Amino acid sequence: MKLGAAAIAAALVCAGGAMALPPPSPNQTVIEEAAMPRKLSEFGLFRAGGAELSDGVLPYDLHTPLFSDYADKARGIWMPPGAKATVDADGNVQFPVGTVLIKSFGWADANDGKPVETRLLIHRSDGWTALPYVWDADGRDATLAIGGRRIPVSFDEPDGTTRSISYAVPNKNQCKECHALDGAIAPIGPKLRNIRFGAAYRTNAAGRIEGLSRQVAALPAWDNPASGSVAERARAYLDVNCAHCHNPKGSASNSGLFLRWTDDPDGVNYGIEKRPTAAGRGSGGMDFAVAPGHPEASFLIYRLESLDPGIAMPEVGRATVHKEGAALLRQWIAGMETRSAH
Amino acid sequence: MRVRHAAYIALPVAAILLGLSPAAAKTIRVEPDGVDANEKLQEALILAEPGDVVELAPGRWTLTDGLSLDVANVTLRGAGIDDQNGSILDFSGQQGAGEGLLVTSDDVFLTDFAVLNTKGDGIKSKGADRIVYHQLRVEWTAGPKETNGAYGIYPVESTDVLVNRVVVRGASDAGIYVGQSKNIVVRDSIATENVAGIEIENSYDADVHDNIATKNTGGILVFDLPSLPMQGGHNVRVFDNIVSDNNTPNFAPKGNIVASVPAGTGVLVMANRNVEISGNIFDENGTANVMIVGYRYEHKDPKYQPLPKAIVVADNLHGRAGYAPAFPGGAEVAAALGGSIPPVLWDGAGDAVVNDAVGVLSLNLPDVSMPQSDAKPSPADLSGDAPAALPGVRLPESMEARIR
């Protein structure tokens with residue numbers, strides 16, 4: 001049945017005259033000027049009728065990705081032809097106006113493997129803007145959902161557990177909650193130490209990233225023991241999953257808990273023997289975010305393993321416990337030397 | 001969603017003050033009915049433009065996700081705070097977000113609606129300058145429970161904050177909590193059955209006045225804590241409040257600083273400098289009407305100043321207090337003093353001037369590293385010359401104009 005439907009769909013596309021037209025390419029006017037296009041197809045970032053990236057959109061991957069309910073993510077960068085991105089001293093990629101960062105979310109065993117949602121981060125002359133799109137039931141296009149949406153999703157976790165969740169597509173403001181830097185939207189993922197391109201990069205005709213060949217130590221892959229020690233991989237995990245808010249310019253600046261790769265991992269502001277601030281029920285009755293040697297007494301773990309909105313961290317984008325991620329952080333804390341007895 | 005032009009006079013005036021075109025202002029009205037009411041309300045908050053009013057129709061929203069507002073100079077206005085005729089945002093079935101409503105833009109005016117039973121905080125505003133909270137209710141309707149959210153009204157990292165005529169009940173941390181902010185007024189509000197009624201933390205220049213703080217664990221708290229981006233709290237005036245019957249057993253989750261507040265606390269100052277407590281009416285606070293203490297936990301912040309300094313207590317009315325002191329050893333001290341301890345309790349750290357005609361009990365623990373077991377309670381005379389009076393907080397006229 002599925003194949004039959006696909007064939008019919010393909011025939012419809014051909015009958016509609018799509019064969020006679022050049023393949024769609026990203027529409028720079030829409031990207032830079034249309035405030036909030038209703039349909040994702042208007043951008044031309046995907047090939048017509050599906051979720052395959054258009055020519056010139058550069059797929060990329062990350063050594064350590066953000067956990068999002070075990071979703072598989074397909075990421076792409078579009079830069080206008082001839083445009084150049086640069087890498088700043090901190091290893092952040094600075095993208096030109098007209099750039100779109102694209103991230104599609106789906107599960108291999110849900111929705112026939114088609115994506116559920118696609119998020120765009122668009123660099124316009126007045127700054128970055130974030131737009132969430134939910135794919136239509138037929139998987140041919142996606143529709144703007146600026147107010148966010150809840151979508152029932154069932155999938156199998158890596159350990160075989162079948163999970164049915166109410167997956168939350170973030171609203172436009174929630175996009176910014178994570179992507180906020182000094183109150184403005186900024187990309188999170190594409191940092192030189194974390195980004196990874198496939199072979200497509202060499203042949204890509206669209207915009208280029210200058211300075212990509214600069215040698216920087218790669219961020220460890222959180223789940224690959226060959227890429228770093230437990231502590232290093234735990235820090236990579238915290239950087240990617242927490243530090244977009246937990247930095248002095250982020251949404252959690254007032255917490256005083258700062259978890260960037262570059263922060264002092266022994267300091268109180270990294271959570272080591274740090275008492276709760278505005279944590280409420282998030283403290284779980286514990287004294288410290290991280291109690292060295294004692295994951296069971298560390299409320300950082302408690303919050304990562306909770307699904308209660310008044311407790312759970314991150315606050316946005318998680319309706320599932322990342323068991324494997326939490327296990328790594330437990331291992332990291334358990335391996336620390338126990339400090340003062342409290 | 002119906003759109004119509006604003007008929008409000010105050011709004012165009014505010015818009016002019018902010019240099020915006022008043023012609024652009026419109027009212028976006030949202031209704032609580034329909035399966036997508038949650039999404040529609042959130043959409044309205046996203047699509048609003050500076051100067052707009054998002055108007056909540058009377059009725060009850062059943063919300064599964066937190067709301068957020070990130071557009072400057074927007075008014076969110078409901079029909080009132082009561083269950084029958086008001087605009088009620090009910091988060092009893094909340095599945096996501098750390099609070100009910102999050103505001104991250106400047107010059108926002110929130111008024112005439114209620115936020116109920118959020119899983120985390122009620123209304124939080126972060127980096128939202130000149131925010132006005134007016135005639136709101138934030139409540140956990142089952143009363144004091146450890147599973148209630150932490151803060152009811154929660155402005156943080158903001159300059160110019162006005163909390164006016166709000167009612168907060170049931171917060172498992174603080175009903176009204178202002179943190180890491182400057183130039184703050186909390187007034188004419190009621191905080192009841194929270195762990196802390198009203199709390200000013202790591203903040204500069206605050207006036208807390210004409211409030212009623214009753215049936216909390218602690219009525220009004222002025223705290224300064226270490227290892228935070230903004231610290232060194234100072235210049236706080238707590239005056240003309242009614243602080244009574246704050247004897248609710250502490251129901252804060254352990255680990256949080258307010259979990260250490262003894263039941264029966266009226267006003268508690270921890271660290272901070274230049275705090276004035278005056279003109280209040282205190283009654284029936286079982287531990288103390290006024291408590292002044294240092295931060296006595298271990299910390300590793302060399303910039304932190306753990307002592308209360310230049311704390312002034314004057315011209316207050318003191319009813320019964322100190323009859324059930326709920327700190328370790330309190331009962332023994334009370335027994336030794338004939339059944340109750342004096343209404344003002346000082347741990348002996350830092351310095352304070354107490355000119356009220358009531359007794360002061362010092363625990364004589366001047367060094368904050370001394371354990372409480374070393375306490376040697378004795379009456380103390382802290383009367384003397386107070387430092388120069390604080391000038392008081394003045395908010396921008398545009399904020400006061402909102403509520404006229």
Side-chain angles (χ1 to χ4, degrees), chain A residues 36 144-150 165-166 168 170-174 176-177 180 182-183 185 248 251-258 267-269 272-289 297 299 302 307-319 340 342, chain B residues 36 38-47 64-70 91 94-99 102 104-105 118-121 124 126-127 146-151 154 156-157 171-173 177 179-180 201-202 225-230 252-257 259 297-301:
Chain A
M36 290 189 252
L144 183 65
I146 55 162
R149 189 152 312 155
R150 286 202 168 262
I165 63 168
S166 173
N171 67 52
K172 193 171 184 290
N173 287 349
Q174 288 171 324
K176 186 177 168 182
E177 275 178 59
D182 261 349
I185 295 180
S251 289
S253 55
N254 58 299
S255 68
L257 178 68
F258 303 137
V268 64
N269 290 109
I272 312 299
E273 296 198 324
K274 183 182 188 306
R275 295 181 188 280
T277 310
R281 290 193 289 135
S283 75
M286 301 171 204
D287 286 330
F288 301 121
F299 70 82
Y302 175 72
L307 293 177
D308 182 325
I311 298 169
M313 283 287 158
E315 285 187 344
V316 173
R318 188 170 70 74
S340 47
H342 286 279
Chain B
D36 57 354
N38 198 344
E39 199 175 324
K40 280 284 190 324
L41 172 50
Q42 182 57 61
E43 269 182 28
L45 294 173
I46 289 169
L47 295 172
T64 53
D65 283 276
L67 301 164
S68 55
L69 174 61
D70 189 42
F91 288 90
Q94 187 176 6
Q95 298 174 27
E99 56 280 307
L102 174 66
T104 47
S105 46
T118 54
K119 302 293 183 200
D121 304 312
K124 177 178 179 181
K126 177 170 184 288
E146 187 179 327
T147 50
N148 292 348
Y151 300 141
Y154 176 16
V156 65
E157 287 189 344
S172 70
D173 197 304
Y177 170 96
Q180 300 181 58
E201 188 172 278
N202 291 54
L225 304 179
S227 303
L228 291 175
M230 180 171 166
K254 185 175 162 287
N256 293 291
I257 187 76
Y297 296 91
E298 197 183 319
H299 69 88
K300 302 181 191 71
D301 184 346

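Just so we're clear, the structure is a prediction, and the values are computed from it rather than from any experiment. To find a chain, count down the sequence lines: A is the first, B the second, and so on, and within it residues start at 1. All values below come from the heavy atoms of this structure, side chains included, with hydrogens, waters and symmetry mates left out.
No other option in B/H299, B/M230, B/E39 has as many heavy-atom pairs under 4.5 Å with chain A as B/E39. When each of B/L228, B/N202, B/V156, B/I46 is scored by its heavy-atom pairs under 4.5 Å with chain A, the top score falls to B/I46. Chain B forms the most heavy-atom pairs under 4.5 Å with one residue out of A/A279, A/A145, A/G147, A/P248, and that residue is A/G147. Counting heavy-atom pairs closer than 4.5 Å to chain B, the top-ranked of the candidates A/S251, A/S255, A/G284 is A/S251. Each of A/A180, A/G148, A/P309, A/G256 has some count of heavy-atom pairs under 4.5 Å with chain B, and the biggest count is that of A/P309. Contact tally against chain A (heavy-atom pairs below 4.5 Å) for B/T147, B/T64, B/T118: the top residue is B/T147. Ranking A/L307, A/N173, A/I146 against chain B, the residue ahead of the rest is A/N173, based on heavy-atom pairs under 4.5 Å. Between chain A and the options B/A150, B/A171, B/P229, heavy-atom pairs under 4.5 Å are most frequent for B/P229. Of the residues considered (B/G120, B/G66, B/G179, B/A97), B/A97 shows the highest number of contacts with chain A, using heavy-atom pairs under 4.5 Å. The most heavy-atom pairs under 4.5 Å with chain A, out of B/S105, B/S227, B/A259, come from B/S227.
Scanning for salt bridge (charged side-chain N to carboxylate O under 4.0 Å, His left out) contacts around A/R318 gives an empty result, with sequence neighbours left out. Residues passing the salt bridge (charged side-chain N to carboxylate O under 4.0 Å, His left out) test with B/K126 are B/E157, sequence neighbours excluded.
Under the 4.5 Å side-chain criterion, counting only non-hydrogen atoms from C-beta, B/Q42 is in contact with B/S68. You'll find the side chain of A/R275 reaches within 4.5 Å of the side chain of A/F288, heavy atoms only.
Contact of A/M36 with chain B is made through the side chain alone, with heavy-atom distances under 4.5 Å. The part of B/D65 that comes within reach of chain A is its side chain, from C-beta onward, which places non-hydrogen atoms under 4.5 angstrom from that chain. Residue contact with chain B, scored on non-hydrogen atoms closer than 4.5 Å, involves the side chain of A/F258 exclusively. With a 4.5 angstrom heavy-atom cutoff, A/S253 touches chain B via backbone and side-chain atoms both. Both the backbone and the side chain of A/A278 come within contact range of chain B, judged by heavy atoms closer than 4.5 Å. Neither the backbone nor the side chain of B/T104 comes within less than 4.5 Å of any heavy atom of chain A. Heavy atoms of A/V316 lying under 4.5 Å from chain B are absent altogether. The parts of B/Q95 that come within reach of chain A are both its backbone and its side chain, each placing non-hydrogen atoms under 4.5 angstrom from that chain. Within the 4.5 angstrom heavy-atom criterion, only side-chain atoms of B/E99, from C-beta onward, approach chain A. Both the backbone and the side chain of A/N254 come within contact range of chain B, with heavy atoms under 4.5 Å apart. Heavy atoms of B/L67 lying under 4.5 Å from chain A are absent altogether.
To the nearest 0.5 angstrom, A/M286 atom CE is 12.0 Å from B/N256 atom CG. Between atom CD of residue A/E273 and atom CD of residue B/E298 there is a gap of 7.0 Å, rounded to the nearest 0.5 Å. Within the model, atoms CG of B/D121 and CD of A/E315 stand 8.0 Å from one another, a figure rounded to the nearest 0.5 Å. Between B/D70 atom CG and A/Q174 atom CD the span is 12.0 Å, to the nearest 0.5 Å. Distance NZ/B/K40 to CG/B/L47: 11.0 Å, rounded to 0.5 Å. The structure places CZ of A/F299 at 14.5 Å from CZ of A/R281, a figure rounded to the nearest 0.5 Å.
Between B/Y177 and B/Y154, the ring planes lie perpendicular to each other; the angle is over 60°, past the 30° to 60° tilted range.
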*Going through the distances and angles, do B/E201 and B/I257 end up as a side chain to side chain contact (heavy atoms under 4.5 Å, CB included)?*
CA-CA 11 Å; B/E201 188 172 278; B/I257 187 76; 4.3 Å; yes
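Minimum heavy-atom separation, A/L257 to A/K274: N-CE, 3.9 Å.
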